Amino acid sequence: MNKTTRLNLRLALGLALAGCAGAVQATDIAMYRDPNCGCCLSWLKHAHEHFSADGDAVAAKTIESENIAAVKSANGVPADLVSCHTAIVDGMVIEGHVPAADIERLLEERPDGITGLAVAGMPLGSPGMEMGDRRQAYQVIAFGPDKRVVWSSYPASGN
C-alpha cells in the first residue's frame, strides 16, 4: 500500500469515527492538491475564513500529492466533475472551487446518497479563481455513488 493510500485510509477512518461521535464540533478541512497549483491555496483561504468567521474552530491543512488523480478516484469524484484540488470537509468530498456557503449547507443537510459537492474545471469568478467582479456561469453539483443533482447555480457576470 503506497503512502497516499495509507493517508487516505487514515483520514477516512478518522472522519468516520468523528462522525459516530455525534454533532460536528469543528470544521476540519484537508485539501489535496498538486504542489504546482496556486489557486487551490486561495480556495482554502476562502473556506477557512468562512468557517472561522463566527469563531468556530477550524483545522485546515494542505496535502501535496504528485498523483492527484488517485486521490480523486479513491474519494469517488466522477471523472467529468474533476477540478484542480480535492478536499475532505467533515467527511464530505469537496471537488474544486465550491463556495463555502454551499459546503456549509451540505454539512447541515447531509442528504441521503450524497457524498460530496463539485465545481468542474476552474470557472472564472468561483472562490479561488476571482478576477475582480468577472464571473463565468457555473454550477455546484452534489454527487454520490448513484446520484447527482444540481446543488446551486451561479450566473455569469455582465462583464
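Here the structure is a predicted model, which means the values were calculated and not measured.
- No close placement of the H97 and H46 rings is indicated, their centers lying 6.0 Å or farther apart.
- Hydrophobic clustering (side-chain heavy atoms under 4.5 Å, transitive across Ile, Leu, Val, Met, Phe, Trp, Tyr) keeps V140 apart from L124.
- Here S73 contributes atom OG and N67 contributes atom CG; the two are 9.5 Å apart, rounded to the nearest 0.5 Å.
- A donor-acceptor contact shorter than 3.5 Å is absent between the side chain of R105 and the backbone of E109.
- R110 is listed as a side-chain neighbour of D90, based on a closest heavy-atom distance under 4.5 Å.
- For Y138 against P127, the heavy-atom pair with the smallest separation is OH-CD, 3.6 Å.
- Linking ILVMFWY residues whenever their side-chain heavy atoms come closer than 4.5 Å, directly or via other members, places L44 and L117 in the same cluster.
- Summarising the geometry of W43 relative to G96, their closest heavy-atom pair is NE1-O, 3.8 Å, with the distance given to 0.1 Å.
- Taking each heavy atom of A100 and F51 in turn, the nearest pair found is O-CZ, 3.9 Å.
- A donor and an acceptor atom, one from each side chain of T86 and E95, are located under 3.5 Å apart.
- We find the OG-CE distance between S157 and M131 to be 11.0 Å, quoted to the nearest 0.5 Å.
- Hydrophobic clustering of Ile, Leu, Val, Met, Phe, Trp and Tyr side chains at less than 4.5 Å, counting indirect connections, keeps M129 apart from V119.
- With no hydrogens or angles considered, a side-chain donor-acceptor pair links D102 and Y154 at under 3.5 Å.
- With rounding to the nearest 0.5 Å, the separation of NE2 in H85 from CE in M122 is 8.5 Å.
- Counting heavy-atom neighbours within 6.0 Å of D112 CG, excluding the residue itself, gives a total of 12 or less.
- A donor-acceptor pair under 3.5 Å is formed between the side chain of K72 and the backbone N or O of S83.
- Side-chain contact between P111 and L106 is present, with heavy atoms from C-beta onward closer than 4.5 Å.
- Rounding to the nearest 0.5 angstrom, the gap separating the OG atom in S152 from the CD1 atom in I141 is 8.5 Å.
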Original post:
So F143 and V93, side chain to side chain contact (heavy atoms under 4.5 Å, CB included) or not? Walk me through it.
Top reply: CA-CA 9 Å; F143 66 90; V93 180; 4.0 Å; yes

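- When all heavy atoms of E66 and P35 are compared, the closest pair comes out as OE2-CG, 3.3 Å.
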**OP:** Could you walk me through whether R148 and D80 pass side chain to side chain contact (heavy atoms under 4.5 Å, CB included), step by step?
**Re:** CA-CA 12 Å; R148 188 183 294 204; D80 62 323; 2.7 Å; yes

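- The SG atom of C40 sits 15.0 Å away from atom NZ of K45, with the distance rounded to the nearest 0.5 Å.
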**OP:** Carefully, step by step, assess Y32 and I88 under the rule side chain to side chain contact (heavy atoms under 4.5 Å, CB included).
**Re:** CA-CA 8 Å; Y32 296 84; I88 307 299; 4.2 Å; yes

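- At a threshold of 4.5 Å between non-hydrogen side-chain atoms, the residues C39 and C84 count as touching.
- Hydrophobic clustering of Ile, Leu, Val, Met, Phe, Trp and Tyr side chains at less than 4.5 Å, counting indirect connections, unites V89 with L41.
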**OP:** Evaluate the side chain to side chain contact (heavy atoms under 4.5 Å, CB included) criterion for residues K61 and M31: first the C-alpha distance (whole Å), next the side-chain angles of each, then the deciding distance (0.1 Å), finally the verdict.
**Re:** CA-CA 6 Å; K61 66 179 177 178; M31 181 187 66; over 6 Å; no

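- Between I114 and K147 there is a side-chain heavy-atom pair separated by less than 4.5 Å.
- Between V58 and S52, the closest heavy-atom pair is CG2-N, 3.6 Å.
- Summarising the geometry of V82 relative to V77, their closest heavy-atom pair is CG1-CG1, 4.0 Å, with the distance given to 0.1 Å.
- In this structure, the separation between CD1 on I103 and CE on M92 is 10.5 Å, given to the nearest 0.5 Å.
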